Amino acid sequence: MAYPYDFDTAVDRRGTWSVQWDGVADRFPVPGLLPFTISDMDFPVAPAVRDALLRRVGHGVFGYTDWRNDDFLGAVTDWFARRHGTRIDPGSLVYAPSVLSQVSQLLRMWTEPGDGVVVHTPVYDGFRKAVEGLGRELRGVGVRDWEALERELARPGARVLLLCSPHNPTGTVWTDTELTRTAALADRYGIPVISDEIHADLTHEGHVHRPWTHYGRGRWALVTSGSKAFNFPALTGSYGVIGDPADRTEFLRRTENGEGLASPAVLSLTAHIAAYRESAGWLDAVRAYTYGNLRLVEERLGAELPGLGWRAPDAGYLAWIDLRPLGLTGDDALQRELVERERVAVMPGGTYGAPGFLRLNVGCPRSKALTGTDAVVRAVRRLTGR
């Protein structure tokens with residue numbers, strides 16, 4: 001299939017202060033590894049986003065900026081209407097530097113030190129850091145383990161359900177039935193819900209993402225950003241929807257007054273507007289391309305390691321690979337093979353509380369995705385004698 005954008009040509013990211021490329025030694029003991037780690041893509045941003053940023057930089061003045069403007073608010077609400085069939089009141093929106101900063105602020109509002117925060121496991125390590133860094137207790141339940149979810153929501157001390165929708169790292173897209181059931185359980189036990197939906201626009205064909213705005217009862221918040229799908233996390237910037245007006249007012253009071261974050265990064269606003277107004281075609285193309293990479297992983301693992309039965313996820317560009325069926329229940333031996341012999345950096349499952357798994361980032365040119373997949377295959381075959 002021919003794409004209207006070039007995702008095959010590699011862009012050299014070394015020397016750009018990239019966490020994935022220049023910071024690989026912070027996580028792995030050997031320098032110069034080919035990285036498949038933190039969840040950003042190796043692709044340039046959409047042309048319309050780049051052009052909008054260049055125009056804004058060309059203006060040359062970067063004074064204090066207001067996110068409450070019709071261009072930004074209209075771009076967000078129109079995007080949700082067109083892309084997700086969801087009407088959002090612009091007055092219900094809030095703004096913050098990142099999705100995790102929103103999560104942390106809401107946890108400070110709705111919980112106290114020692115309170116329990118329920119999450120689905122395996123769990124995105126940013127959630128773990130935010131919850132435990134604030135002195136709250138992370139309480140994990142397996143994805144789609146409904147008995148465990150109800151048990152944890154009912155357990156004394158549970159104060160918030162931190163939902164990842166779609167789920168990171170598994171790539172699970174929750175169905176309407178599942179989200180309705182989740183909302184009913186949270187409502188039954190009086191538990192506020194924070195729904196992190198930053199991966200929503202990377203949902204693949206055959207699956208439908210449903211924003212939490214359709215399900216929220218009582219206290220709830222949807223937190224997200226265009227930075228994941230359109231690949232501009234370095235610009236910072238996120239937004240959210242908070243259901244209760246009093247909570248919304250308190251959130252903005254804390255962020256804008258208590259923390260002095262009233263003025264957003266203007267280039268983030270610029271990028272969001274150009275992404276939502278002019279870059280839907282680019283998003284569809286990059287989503288199709290990365291799904292092609294995931295299918296490549298599926299085919300290679302199926303041919304070389306047939307005992308796995310691995311399938312591409314519902315959303316995203318992260319291949320979450322369960323190696324336990326082949327007898328690999330820990331991370332250390334496989335990591336030695338990948339790092340020391342294959343010279344690649346792939347996130348071990350233990351980072352997300354699941355030893356025996358790998359999270360392989362294939363948001364990259366297909367040639368790189370093939371290199372990483374084949375490195376995994378060779379390392380696993382050496383360890384298992386296949």
Side-chain angles (χ1 to χ4, degrees), residues 44-106 109 194-201 211-213 216 220-283:
V45 294
V49 172
R50 182 193 57 218
D51 292 346
L53 292 171
L54 289 172
R55 287 193 299 271
R56 188 64 186 84
V57 170
H59 181 264
V61 179
F62 306 101
Y64 291 115
T65 304
D66 187 2
W67 62 270
R68 296 176 182 83
N69 64 75
D70 291 342
D71 291 333
F72 175 69
L73 297 177
V76 169
T77 55
D78 288 353
W79 179 259
F80 268 77
R82 295 195 318 272
R83 202 76 177 185
H84 301 295
T86 299
R87 182 184 177 278
I88 291 179
D89 176 2
S92 68
L93 290 171
V94 298
Y95 193 90
S98 71
V99 164
L100 281 177
S101 72
Q102 290 190 72
V103 169
S104 295
Q105 189 68 265
L106 290 162
M109 287 171 53
I194 304 170
S195 182
D196 174 356
E197 303 189 10
I198 198 170
H199 292 267
D201 289 319
W212 191 254
T213 52
W220 62 269
L222 182 163
V223 295
T224 191
S225 171
S227 63
K228 185 68 64 178
F230 291 95
N231 204 38
F232 49 78
L235 299 180
T236 73
S238 72
Y239 60 92
V241 183
I242 297 179
D244 182 73
D247 282 336
R248 193 181 315 137
T249 298
E250 176 62 10
F251 180 94
L252 291 173
R253 185 193 69 79
R254 287 171 177 245
T255 55
E256 297 184 347
N257 298 336
E259 298 179 11
L261 297 174
S263 178
V266 67
L267 295 184
S268 176
L269 299 184
T270 301
H272 272 91
I273 294 165
Y276 288 160
R277 291 293 193 200
E278 305 175 67
S279 304
W282 181 92
L283 174 63

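This structure is a prediction, so every number in the text was calculated from the model and none was measured.
The ring pair (Phe, Tyr, Trp, His ring centres under 6.0 Å) test applied to Phe80 returns His84, not counting sequence neighbours. Among residues two or more places apart in sequence or in another chain, the side chain to side chain donor-acceptor pair (under 3.5 Å) test is passed with Ser195 by Glu197. Every residue two or more places apart in sequence or in another chain that forms a side chain to side chain donor-acceptor pair (under 3.5 Å) with Arg253 is listed here: Glu250. Applying the side chain to side chain donor-acceptor pair (under 3.5 Å) criterion to Glu256, with sequence neighbours excluded, gives Trp67, Arg68. Applying the side chain to side chain donor-acceptor pair (under 3.5 Å) rule to Ser227 yields the partners Ser225; only residues at least two apart in sequence or on another chain are considered.
One side chain, Ser238 or Gln102, offers a donor N or O that lies under 3.5 Å from an acceptor on the other.
The backbone N or O of Val76 sits nowhere less than 3.5 Å from a side-chain atom of His272 that would complete a donor-acceptor pair. Under the 3.5 Å distance criterion, the side-chain polar atoms of Ser92 are left unmatched by any main-chain donor or acceptor of Val241. Between the side chain of Thr65 and the main chain of Gly63, a donor-acceptor pair closer than 3.5 Å is present.
More than 12 non-hydrogen atoms from other residues, nucleotides or ligands lie less than 6.0 angstrom from CG of Asn257.
A pairwise comparison of heavy atoms in Arg248 and Gly243 identifies NH2-O, 3.4 Å as the closest pair.
Taking the side chain as every heavy atom from C-beta outward, Val57 and Leu267 approach each other to under 4.5 Å. Annotation: side chain of Asp201 is not in contact with side chain of Thr224 (no heavy-atom distance under 4.5 Å). Under the 4.5 Å side-chain criterion, counting only non-hydrogen atoms from C-beta, Ile88 is not in contact with Leu222. No side-chain heavy atom of Ile194 sits under 4.5 Å from any side-chain heavy atom of Trp220. Two residues are said to be in side-chain contact when any heavy atoms from C-beta on lie closer than 4.5 Å; Val266 and Phe62 meet this criterion. The side-chain heavy atoms of Asn69 and Leu269, taken from C-beta on, include a pair separated by under 4.5 Å.
Relative ring orientation between Phe230 and Trp282 is described as parallel, the plane-to-plane angle staying below 30° on a 0-90° scale split at 30° and 60°.
A distance of 10.5 Å separates OH of Tyr95 from CG of Leu261, quoted to the nearest 0.5 Å. The CG atom of Leu73 lies 9.0 Å from the CD1 atom of Ile273; values are rounded to the nearest 0.5 Å. The distance from atom CZ of Phe232 to atom OG1 of Thr270, rounded to the nearest 0.5 Å, is 10.0 Å. Of the inter-residue distances, the one linking Met109 atom CE with Leu106 atom CG reads 6.0 Å to the nearest 0.5 angstrom.
A salt bridge does not link Asp71 to Arg277: none of the charged side-chain nitrogens sits closer than 4.0 Å to a carboxylate oxygen.
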Could you walk me through whether Leu235 and Leu53 pass side-chain contact (heavy atoms from CB on, under 4.5 Å), step by step? CA-CA 10 Å; Leu235 299 180; Leu53 292 171; 4.1 Å; yes

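Pairs engaging residues 81-95 under the salt bridge (Lys or Arg N to Asp or Glu O under 4.0 Å) rule: Arg83-Asp284 [sequence neighbours left out].
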